[in-house]
Amino acid sequence: ITSKRIVLINDGGNKSDQLKSFDLPLVLLFKAKFEQPIFGCNYYTGMCKPLPESALTSDPVFKIWFMNGGADAFLKCMSSALW
């Protein structure tokens, strides 16, 4: 997380994955919220307006799952990045 964007990098767990990395500009995020389901992992979800030079035709929905913890640190960083 930087003051301008969230950068997600594939951990390489599945070699057949086509997605290597993805970035979400903070200024284009909307409907973002943190979810804590009773069953399953915590996750951060929302939508992001596409960049003008992108091939996306609509607002992509994203979900960031916290499979091995780290949600607290992520939320603290997000809070400081957004304020």
Applying side chain to side chain contact (heavy atoms under 4.5 Å, CB included) to T2 and not counting sequence neighbours gives K4, R5
Taking only residues two or more places apart in sequence or in another chain, which ones pass ring pair (Phe, Tyr, Trp, His ring centres under 6.0 Å) with F74? Y44, F66
May I have all residue pairs that pass salt bridge (Lys or Arg N to Asp or Glu O under 4.0 Å) and include part of residues 34-45, sequence neighbours excluded? K33-E35
Do L8 and M78 belong together in a cluster built from hydrophobic side chains that touch within less than 4.5 Å? yes
How far does CD1 of I6 sit from CD1 of I64, to the nearest 0.5 angstrom? 5.0 Å
Output a table of donor-acceptor pairs, distance under 3.5 Å, between side-chain atoms of residues 47-56 and any protein atom two or more places apart or on a different chain; print 'none' if there are none.
residue : atom : partner : partner atom : Å
K49     : NZ   : D59     : OD2          : 3.1
S54     : OG   : L56     : N            : 2.9

For K31, enumerate each residue passing the side-chain hydrogen bond (donor to acceptor under 3.5 Å, both in side chains) test, keeping only those at least two apart in sequence or located in another chain. none
If you compare all heavy atoms of F62 against all heavy atoms of T45, which two are closest, and at what distance to 0.1 Å? O-OG1, 2.9 Å
Contacts of K76 that satisfy side chain to side chain contact (heavy atoms under 4.5 Å, CB included) - sequence neighbours left out: D72
Please tell me whether V7 and L29 are part of a single hydrophobic cluster in this structure, the criterion being side-chain heavy atoms less than 4.5 Å apart. no
Which residues pass the side chain to side chain contact (heavy atoms under 4.5 Å, CB included) test with C77, sequence neighbours left out? I1
